[in-house]
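What follows is a set of notes on a single structure, which appears directly below.
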Protein chains: 2
Amino acid sequence: MKRPTIYDVAERAGVSKSLVSLVLRDSPRVSAERREAVLAAMRELDYTPSRLAAGLAGTRTRSVGVVIDDFANLWFVEALAGLRESLASGGYSLSVADTRLNAHLSLDPIAVFRALRVDGVVLAGEASPEAVRRLGVPAVVLGTRALGGDDVAGRGAGSGTDPAVPVIASDEAEGGRLAVRHLAGLGHRRIACVSGPGASAGERERGYSDEMRTLGFEPNVVRAAETSEAAARAVAGELWAGSRTAERPTAGAIDAPTAVFAVNDPMAVGVIGAARAAGRAFPEELSVVGYDDSPLAAYALLSLTTVSGDSRHVGEQAGRTLVSMIEGAERPVSMRFVPRLVERASTVPPAR
Amino acid sequence: MKRPTIYDVAERAGVSKSLVSLVLRDSPRVSAERREAVLAAMRELDYTPSRLAAGLAGTRTRSVGVVIDDFANLWFVEALAGLRESLASGGYSLSVADTRLNAHLSLDPIAVFRALRVDGVVLAGEASPEAVRRLGVPAVVLGTRALGGDDVAGRGAGSGTDPAVPVIASDEAEGGRLAVRHLAGLGHRRIACVSGPGASAGERERGYSDEMRTLGFEPNVVRAAETSEAAARAVAGELWAGSRTAERPTAGAIDAPTAVFAVNDPMAVGVIGAARAAGRAFPEELSVVGYDDSPLAAYALLSLTTVSGDSRHVGEQAGRTLVSMIEGAERPVSMRFVPRLVERASTVPPAR
DNA sequence: TTGTACGCGTTATCAA
DNA sequence: TTGATAACGCGTACAA
């Protein structure tokens, strides 16, 4: 009941082990005749070469590790699909580790990848820069990530220099600008932003503030404790708290915003929920823009205008870049993709 | 710049490679003195044992493969978290393969796992039963899956016998019954079901029909082409199509349902959207129950009553079961967990 | 083209 | 307890 080895295949095909090895790596210098014999033997024996042995003997394992923050994040799921696509087509298998769980188990994801002898790593979540450097294999950063001063990616990411660890991401600040431009184009001037913690939210918020100032509007940011629907709903009330209402037409009070940019789709839903609870008509009295173009944005009940980063494509490019780093000598180059606005029914011109 | 090996550690600690190996597997039969010396050497050399070599030399790789249908499915993501938890704590690393992508790349996920020499597989998606059998390693089925007549799990799954491949799942038919009982308890009698393709939807629908008949009500099932919000919305209109309305009070027309059980949360949202488009008040004129207790069910805007299967726990148990099969002689036993109803605001007593 | 020998980093099996 | 040595399955020369 033992697994067949390359020796068994060679014997059955009546050739040497070397030849079998050559067929496996489909070398061009084997006669069609012998090749067929070998392939037939492999089929008959139901032979599958061992990646373990190949990795041990060879110079690479044809596997890469992906460090992920949170599996429930749909952004990652999409990016992961793109990653898998470009990596699998290059013959690389993928193993994943999420930082949350590993932290819970007090297991450094990078240590796991070291033990696995991966040929490269994709950083889609926080990982110790020092650990990555010690790993000694190519790495790419996938998506926006908090970049500390000592980050492996350096500071030049996207600014023209080619860092040791390229950053492949969507330009999320540009996404924030897009949202503001869209709302301003509809005629809105009092546009608020519901933001939250994390690097992505930070970039999106930054783009929002930039564009607001560019247009001569006053940025108005409210930050939630988390980037969730509930957290956004909890703080959205502040948007109306000090504002002029029918009951409170005091001087000095600020006019309430007519539009809100939420840094992700669930938070946009939270804002809509809060608005409805406060008796404001949606979308007539409050336009809302989300971010990520998640499935829920397309729900008829919401029909959310949102910013799409095409994370699948970003993931695919990250995979390509990593493979080129592993296989070639090409110097890695960071990429930043421009997002686009998906217009739906949650944004309309302001009332009056 | 080469990686340190077990030889280096042995030399530095002044012991044999065998002893280092024993320390690695923390065997009880090594003197505390030597052990400390070895550990110190490992630390100083920044040594990480190679899983490749260990797998090649040993009898197992301490890795398991997970076959997944669709990564975007939140159910899997939750279950995966549970799986990772129970497997990682046993020292097993995980590699995943989704059938959709692999099919696209014409790559049999099981073949990949064979090459990786995994110690076991978790089937959370469709996989060729024959391929699994040929793999020759323990396997568990995670979640409800279409069971063909020749399925590896056999037919006895959950019916008292212990099949070769145990099934660890939530009792989804019971979930359907729960939903009906809840609605009936509120006073509803005309309860419809919006179902779709797939094993899970089938089980949920079956539970619905069972319970409806038990209560003496007439089952009323409408099936969507997919299990998505859009597909559900597209067919929900049928629920009111032939029904008695103010404009069409013809004899023989059927009364419209006062409640709907959708086989998942997005579909429930689709039903609500369709109801609103048809001018029916929600939830006053139409109560809706979803399934899976996905994050969106908790959104204030929806506040969906839903059935929760606690997939994380199911995943965790699947991991435990697989580990016990790999390591022990315990005979595997299928498990079926009872779901629970999460009551929110989308279900109310019928009008009048 | 083919055969041969060796190395890859561990575990497993015996001896000591 | 410890240590030597043989697998483990394959890549990579190198020589034939």
Side-chain angles (χ1 to χ4, degrees), chain A residues 1-38 41-42 45-63 91 93 113-119 136 327, chain B residues 1-39 41-42 45-63 91 93 114-119 136 327:
Chain A
M1 269 315 285
K2 291 175 55 184
R3 291 199 173 299
T5 76
I6 197 173
Y7 287 82
D8 301 321
V9 175
E11 186 179 1
R12 199 173 213 298
V15 299
S16 72
K17 302 93 191 162
S18 310
L19 184 56
V20 176
S21 180
L22 289 181
V23 172
L24 244 37
R25 323 176 60 215
D26 49 46
S27 158
R29 30 183 219 176
V30 279
S31 65
E33 188 186 356
R34 303 272 197 186
R35 150 168 285 130
E36 195 38 61
V38 170
M42 300 200 323
L45 265 55
D46 194 19
Y47 166 76
T48 306
S50 163
R51 287 231 172 201
L52 299 178
L56 230 200
T59 57
R60 48 188 198 185
T61 56
R62 278 189 147 342
S63 72
S93 65
F113 291 151
R114 254 167 77 91
L116 256 25
R117 301 295 190 262
V118 297
D119 293 336
E327 302 187 342
Chain B
M1 268 317 286
K2 291 176 55 185
R3 292 198 174 299
T5 75
I6 198 173
Y7 287 83
D8 303 320
V9 175
E11 187 179 359
R12 201 174 213 297
V15 299
S16 74
K17 305 93 193 163
S18 310
L19 186 54
V20 176
S21 180
L22 288 181
V23 171
L24 245 38
R25 323 175 59 216
D26 48 46
S27 157
R29 32 184 217 177
V30 280
S31 62
E33 187 184 358
R34 305 267 199 183
R35 150 168 285 132
E36 194 41 57
V38 170
L39 291 176
M42 299 199 327
L45 266 50
D46 193 19
Y47 164 76
T48 306
S50 164
R51 287 229 172 205
L52 298 178
L56 226 201
T59 56
R60 51 188 196 183
T61 56
R62 277 186 144 352
S63 71
S93 65
R114 254 167 78 90
L116 257 24
R117 301 295 193 258
V118 297
D119 293 337
E327 302 187 342

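Because the structure is predicted, anything quoted here is derived from the model rather than measured. What's counted below: heavy atoms across the whole structure, side chains too, no hydrogens, waters or symmetry copies. Lettering of chains follows the sequences in order, A, B, ..., and the numbering in each one begins at 1.
Summary of the strand contacts: Lys17(B) and Thr48(A) both lie near DNA chain D, and taking for each the nucleotide with the nearest heavy atom, the more 5' one is attributed to Lys17(B). Take the nearest nucleotide of DNA chain D for Leu24(A) and for Val15(B): the residue whose nucleotide is more 5' is Val15(B).
Following rounding to the nearest Å, Leu22(A) (CG) and dC10(D) (C1') show an atom-to-atom distance of 12 Å. Following rounding to the nearest Å, Leu56(B) (CG) and dT10(C) (P) show an atom-to-atom distance of 12 Å. When rounded to the nearest whole Å, the span between CD1 of Ile6(B) and C1' of dA12(C) equals 12 Å. Rounded to a whole Å, the CZ atom of Arg60(A) is 17 Å from the P atom of dG9(C). Atom CZ of Arg62(A) and atom C1' of dC10(D) are 15 Å apart (whole Å). Taking atom OH of residue Tyr7(B) and atom C1' of nucleotide dT10(C), one finds them 8 Å apart after rounding to whole Å. In this structure, CZ of Arg51(B) is placed 19 Å from P of dG9(D), rounded to the nearest angstrom. The separation between Arg3(B) atom CZ and dT10(C) atom C1' is 15 Å, rounded to whole Å.
In terms of phosphate contacts, Ser31(B) brings no side-chain nitrogen or oxygen within less than 4.0 Å of OP1 or OP2 of dT1(D). Applying the 4.0 Å criterion to OP1 and OP2 of dC10(D), one finds that Ser50(A) has every side-chain N and O outside that range. Within the structure, every side-chain polar atom (N or O) of Thr5(A) is placed at least 4.0 Å from both OP1 and OP2 of dG9(D).
Distances were taken from every side-chain heavy atom of Arg34(B) (C-beta onward) to each of dG3(D), dG3(C), dT11(C); the shortest belongs to dG3(D).
When side chains are defined from C-beta on, Arg117(A) does not count as touching Arg60(A), because their heavy atoms never get closer than 4.5 Å. Looking at Leu24(A) and Tyr47(A), their side chains come closer than 4.5 Å, going by heavy atoms from C-beta outward. Two residues are said to be in side-chain contact when any heavy atoms from C-beta on lie closer than 4.5 Å; Ser21(B) and Arg25(B) meet this criterion.
The existence of a salt bridge linking Asp46(A) and Arg114(B) is confirmed by a sub-4.0 Å separation between a basic side-chain nitrogen and an acidic carboxylate oxygen.
At distances below 3.5 Å, at least one donor-acceptor pair connects side-chain atoms of Arg35(B) with backbone N or O atoms of Ser27(B).
A donor N or O paired with an acceptor N or O is not found under 3.5 Å between the base of dT1(C) and the side-chain atoms of Ser18(A).
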